[in-house]
Each structure stands twice: as C-alpha cells, then as structure tokens.
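Here's the structure, in structure tokens; my notes come after.
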Amino acid sequence: MSTPKIVILGAGYGGMMTATRLQKQMGANEAEVTLVNKHNYHYQTTWLHEPAAGTLHHDRTRIAIEDVIDKNKVKFVQDTVVEIKKDEQKVILKNGELTYDYLVIGLGFEPETFGIKGLKENAFSIRSVNSVRKIREHIEYQFASYNNDKEKQEERLTFIVGGAGFSGIEFIGELADRVPELCHEFDIDREKVRVINVEAAPTILPGFDQELVDYAKTLLESKGIEFKLGTMIKECKEDGVVLSKDDQLEEIKANTVVWTGGVRGNSILEKSGFEAMRGRIKVEKDLRAPGFDNVFVVGDCALIINEEIDRPYPPTAQIAIQQSYTCSHNLLALIRGGHLESFNYSSKGTVASLGKGEAIGKVGNKHLYGGTASAMKKIIDNRYLFLLGGPSLVLKKGKLKLF
Ligand code: FAD
Ligand code: NAD
C-alpha cells in the first residue's frame, strides 16, 4: 500500500498546529505530510493590531515556517491555493497542483464587508503582515505630510476605525498610544488629531460584560478616542466615510479608514463548491466537511454551533488551536484504523488588550482589568508559542516582560 498523502492548506493557527502535532505523533513514513502557505512564514494574527498601529515591529509577529517544521516529516510548499477540486482530490496552486488522500483546510479569514459601498476599494483591513505594514506606513505618511502641505488638510489627521468588536478595540488601544508619539515626532498638536471608532451597536464590544466594557470605554476616551455608537458606516469613499445614525447621514472626511467590522471564511471554499455560510463550512462533530470523509476544516473556515445558545462559536485562534488536536488525532485514526473523536470546545476565557499595560478579560466568572489582564494576555501569547515551538520559540519571539 502506498503512503497516504495528507495536504494541509494554510499555516495559520489551525494549519500550523495540525502540522506540528502530526510531526510529533507520526511514525516514520506513516504519512506524507505537505503544508502549503502563501508565505514562508507563519504570523500571529492575534498580534496584528500592534504592527498595524506601529507599536510593535511586524517581524516580532512572524516565525519562519522552516524554524518550526521538521523537514524530515513535513514538506513545506510556498504557494497560493487557487481552488480545491474536491471530487478529483486535487488542489490547484498558483504554480502547480497537489493531489491528496486527506485534506486539512485552514485558510483562515477574509474581511466581511457586507456589500457596503466602497469599503473593499477604500478601507484598510487588519489581515496579514503585508496588510498591516501598509496601514502603519500609510498612517506615518499622513503625519509626515501634514506640515508639508501648503494648505493644512484635517483629513490627514482623521482616523476612522469601523467596528468596535475585539479587533477594532484592540487596534484603537494601540492607536491611542501611538498617536502621541507620532505627534511628538512630526511636531503636531495632539488636539488636531481625531481617532474615531464607529460601531453600529449601541455599545462597544457588544455582548461582553458591561463592567469590562465600561472600563475599556472610559480608558480609551481618556486617551482621546471618540466613539460614535449606534452608528453605521454606510459608504466608504476615497476621502472619508458616510455614516448613518437614526436615519441621519453624516459625512466625515478622512484619509484613513480601517475596517474591523467583521470576518468571513476564505472565499476559496465557496469558489471550490463547498456549501458555506459566510465562507465557513458547517463541519461534522469530527471536523470533517459534510459529504467528504477525507476533508477536515479547522480555524476560521470551520463553523461549529454552540448548542447551549444555538449560535456559532466566534472564530478565534483559541478554537483553531483546540481543533488542531482533534484534527491531527482523527487523521491518524483514519490512517491507522482507530476511532475518530468529536471536537468539544472548552473556552479558557477572553482577554482583549487596550494598549500598553492595559487590557480587560474574563476567565471563568472572574473579571480582569489593567496590568493583570495585560500580563494574562502576554501569558496566553507565550503559551501558544510554547505549544508551537517549545521554550526556545518563547525565548525568541515571546512577550517576556509581563508588566
Ligand atoms: P489564519 O490565522 O487566518 O491563517 C490562515 C493562513 O492561511 C495564513 O498563514 C495565510 O497566509 C494562509 N492563506 C490564506 N489564503 C491562502 C491561499 N490562498 N493560499 C495559501 N495560503 C493562504 N483570537 C483569539 O483567540 N484571541 C485573540 O486575542 C485574537 N486576537 C485577534 C486580533 C486581531 C487583530 C484579529 C484580526 C484576530 C484576532 N483573533 C483572536 C482571531 C484569530 O486571529 C483568528 O480566529 C485566527 O487567526 C484563525 O486562525 P486560522 O488558522 O483559521 O487562520
Ligand atoms: P466582530 O464581528 O466580532 O465585530 C465587528 C463589529 O463591527 C461588531 O461589533 C459590529 O456590530 C460592527 N459593525 C458591523 N458592521 C458595521 C457597520 N457597517 N458600521 C459600524 N459597525 C459595524 O469582528 P472582529 O472584531 O474582527 O473579530 C473577529 C473574530 O476575532 C471574533 O470572533 C473575535 O472574537 C475574534 N477576536 C478575538 C480577540 C480576543 O480574544 N482578544 C481579538 C480580536 C478578534
């Protein structure tokens, strides 16, 4: 019998962890594992709000795949997935194609723009190392240009963040720290700069505990952030946004709009003919795609219903990491002829950063604030690095200064 071929698409949390779990657990020549990713590095999406604002260098968020992968057990292919031909068990890449016996789809998320006019064309999004490098450069350019313009343009110093979910709030927290530094560097009065967070719901962080939400809002307002709540972005133009609140329209001129208004699964899934809801495949309990016994889906491409509230679990790195354990176990069970296990999510809590030394969090029923929550966030980040690459990766890339 020939060696089974496992192909893993995407080196995000789900894909990378599945690959490293397999390399630890597989015997020699038990399977031929291939990991495919656009870049030769894995990035920590959960840190991207920091390099986007310029408070952390983007190299701190990325890890060379070859530093983590055991080349004797996992082959790495740097290429872009174009389509999955599921009936032919084939993946079409930009520069070639791969066949598989077993497939793991971990291609991550895309911004969900809900068809809002001009968003795709004119707004930035926090999605990858490339996308956040562009945001940081763009913001700095606005500051650098302001005092060079013959006629001062306020829109250069107006920054709109669309959406006050966790991504929007974490990014706003970093911007709140970065803006005074940029003002100092480019001789600009802080009063001239507007950072506006627009949220359609009546509150920031909808659904999160009120006390934590109040803490976050008060802290960010004290750093000069303006919130426009119960307000929708209706349109994004080259030079600003059109907002709607209580049927009243307002236009704000701004050279920078960052969209953090929601995510969807990778559009390659729909393009490849999988049935998907907002780009996410509703997987079986063992993480396989319905009707495809050899295709697993992990991370933001997978949709799993939380039966307690009959709503999907939010797409997070936490769930993607946990799925990689079930996925790698089930792949080996299929190859060895064992029993497939069901995925059971166990939430370890949520912590959201609010800039340097500040965060809010909920672990069990306990609320965390300020420095304690911020230290907890760094411990979570370091724990992931430990799971992925052991103590050496924590020492190389970790956030070692907790307070
Ligand atoms: P991703 O991390 O999105 O990785 C997908 C990988 O696939 C990438 O390497 C990408 O380059 C690659 N890829 C994509 N398309 C192709 C293609 N066509 N060909 C080849 N390769 C491709 N979650 C938490 O649990 N905790 C947090 O604190 C947290 N903070 C966040 C902060 C921000 C700013 C954001 C945006 C998200 C945050 N999340 C957090 C959510 C979390 O980052 C995602 O749920 C998680 O990244 C999903 O992991 P994934 O493995 O599905 O894919
Ligand atoms: P989200 O869907 O959680 O939040 C998007 C926000 O944008 C919502 O509050 C929504 O009401 C708002 N919105 C939508 N359309 C709008 C419009 N037209 N105008 C104004 N506001 C609008 O998306 P996200 O924040 O990008 O998070 C994506 C996923 O990543 C979530 O599952 C989240 O839990 C996870 N995440 C977790 C953390 C953390 O744990 N620290 C951090 C970031 C992201």
Side-chain angles (χ1 to χ4, degrees), residues 3-27 29-45 62-86 88-109 128 265-266 268-269 272 274 280-281 283 286-289 292-302 315 317 319-336 340 343 384 387-389:
T3 315
K5 285 188 210 165
I6 302 175
V7 172
I8 303 171
L9 305 180
Y13 293 89
M16 267 314 263
M17 282 296 293
T18 302
T20 53
R21 297 287 305 159
L22 284 175
Q23 79 184 14
K24 276 188 199 138
Q25 294 169 342
M26 253 174 13
N29 302 324
E30 207 177 355
E32 198 183 298
V33 181
T34 305
L35 173 66
V36 184
N37 197 57
K38 249 185 213 176
H39 314 107
N40 62 359
Y41 55 83
H42 159 67
Y43 51 79
Q44 299 214 58
T45 313
R62 59 178 170 175
I63 298 156
I65 289 173
E66 293 202 340
D67 284 355
V68 183
I69 290 301
D70 174 352
K71 278 186 249 169
N72 295 318
K73 291 199 166 170
V74 177
K75 183 178 164 205
F76 172 60
V77 172
Q78 185 181 346
D79 208 335
T80 300
V81 177
V82 177
E83 195 181 344
I84 300 161
K85 299 252 184 211
K86 49 194 180 351
E88 296 166 48
Q89 300 195 182
K90 201 193 274 181
V91 180
I92 309 299
L93 306 174
K94 210 167 166 189
N95 302 302
E97 56 182 53
L98 290 169
T99 56
Y100 61 83
D101 297 307
Y102 302 100
L103 185 70
V104 179
I105 304 175
L107 291 168
F109 70 95
S128 60
N266 198 309
I268 287 175
L269 303 191
S272 303
F274 285 102
R280 302 170 71 193
I281 298 177
V283 289
D286 55 22
L287 300 181
R288 286 187 285 184
F292 295 90
D293 282 352
N294 59 347
V295 178
F296 290 86
V297 192
V298 291
D300 283 10
C301 289
I319 200 167
I321 294 164
Q322 290 184 31
Q323 286 167 346
S324 73
Y325 283 69
T326 304
C327 179
S328 52
H329 172 278
N330 287 350
L331 280 163
L332 289 176
L334 283 176
I335 289 168
R336 295 171 181 168
L340 270 68
F343 174 71
Y384 169 65
L387 292 175
L388 184 67

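Please read all numbers here as calculations on a predicted model, not as lab measurements.
- Between K73 and V33 the shortest heavy-atom distance is O-CB, 3.8 Å.
- The shortest side-chain heavy-atom distance between L332 and M26 falls under the 4.5 Å cut-off.
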Go through the steps for F109 and R280 under the test side chain to side chain contact (heavy atoms under 4.5 Å, CB included), then give the verdict.
CA-CA 9 Å; F109 70 95; R280 302 170 71 193; over 6 Å; no
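- Contact detail for G14 and S324: the closest heavy-atom pair is O-CB, 3.7 Å.
- Within a 6.0 Å sphere centred on NZ of K24, heavy atoms belonging to other residues, nucleotides or ligands number more than 12.
- Side-chain atoms of R62 do not come within 3.5 Å of backbone N or O of H42 as any donor-acceptor pair.
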Using the side chain to side chain contact (heavy atoms under 4.5 Å, CB included) rule, take L387 and I321 through it: C-alpha gap first, then chi angles, then the decisive distance, then the call.
CA-CA 9 Å; L387 292 175; I321 294 164; 4.2 Å; yes
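- The two residues G108 and D300 make their nearest non-hydrogen contact at C-CB, 3.9 Å.
- In this structure, the side chains of E30 and Q25 stay at 4.5 Å or more apart for every pair of heavy atoms.
- I84 is listed as a side-chain neighbour of L9, based on a closest heavy-atom distance under 4.5 Å.
- In this structure, E32 and T3 approach most closely via the heavy-atom pair N-CG2, 3.7 Å.
- Side-chain contact check for L340 versus L334: some heavy-atom pair is nearer than 4.5 Å.
- A distance of 11.5 Å separates CD of Q23 from OG1 of T18, quoted to the nearest 0.5 Å.
- Here the closest non-hydrogen pair linking L107 and N266 is O-ND2, 3.1 Å.
- Considering all non-hydrogen atoms of both residues, K94 and V82 come closest at N-CG2, 3.6 Å.
- The closest side-chain heavy-atom distance from L22 to V74 is not below 4.5 Å.
- Residue E97 holds its CD atom at 11.5 Å from CG of D79, rounded to the nearest 0.5 Å.
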Yes or no on side chain to side chain contact (heavy atoms under 4.5 Å, CB included) for I105 and F274, after CA distance, side-chain angles and deciding distance?
CA-CA 12 Å; I105 304 175; F274 285 102; 4.0 Å; yes
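- The shortest side-chain heavy-atom distance between F296 and T326 does not fall under the 4.5 Å cut-off.
- Classified by interplanar angle (parallel below 30°, tilted 30° to 60°, perpendicular above 60°), the ring pair Y384/Y13 is tilted.
- Under the 4.5 Å side-chain criterion, counting only non-hydrogen atoms from C-beta, V295 is in contact with Y100.
- In this structure, CD1 on I65 lies 3.5 Å from CZ on F76, to the nearest 0.5 angstrom.
- To the nearest 0.5 Å, the span separating OG1 on T34 from CG on L103 amounts to 11.0 Å.
- Using cut-offs of 30° and 60° on the angle between ring planes, the pair Y41 and H39 is parallel.
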Run the side chain to side chain contact (heavy atoms under 4.5 Å, CB included) check on D101 and K5 step by step: do they pass?
CA-CA 5 Å; D101 297 307; K5 285 188 210 165; 3.6 Å; yes
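- Rounded to the nearest 0.5 angstrom, Y102 OH and N330 CG are separated by 11.5 Å.
- Here the straight-line distance linking atom CD1 of I63 with atom CG of L388 works out to 5.5 Å at 0.5 Å rounding.
- With hydrogens and angles disregarded, a donor-acceptor distance shorter than 3.5 Å links the side chain of R288 to the backbone of D293.
- Donor-acceptor pairing under 3.5 Å is lacking for the side chains of K86 and S272.
- At least one side-chain heavy atom of I92 sits less than 4.5 Å from a side-chain heavy atom of K85.
- A donor-acceptor contact shorter than 3.5 Å is absent between the side chain of Q89 and the backbone of T99.
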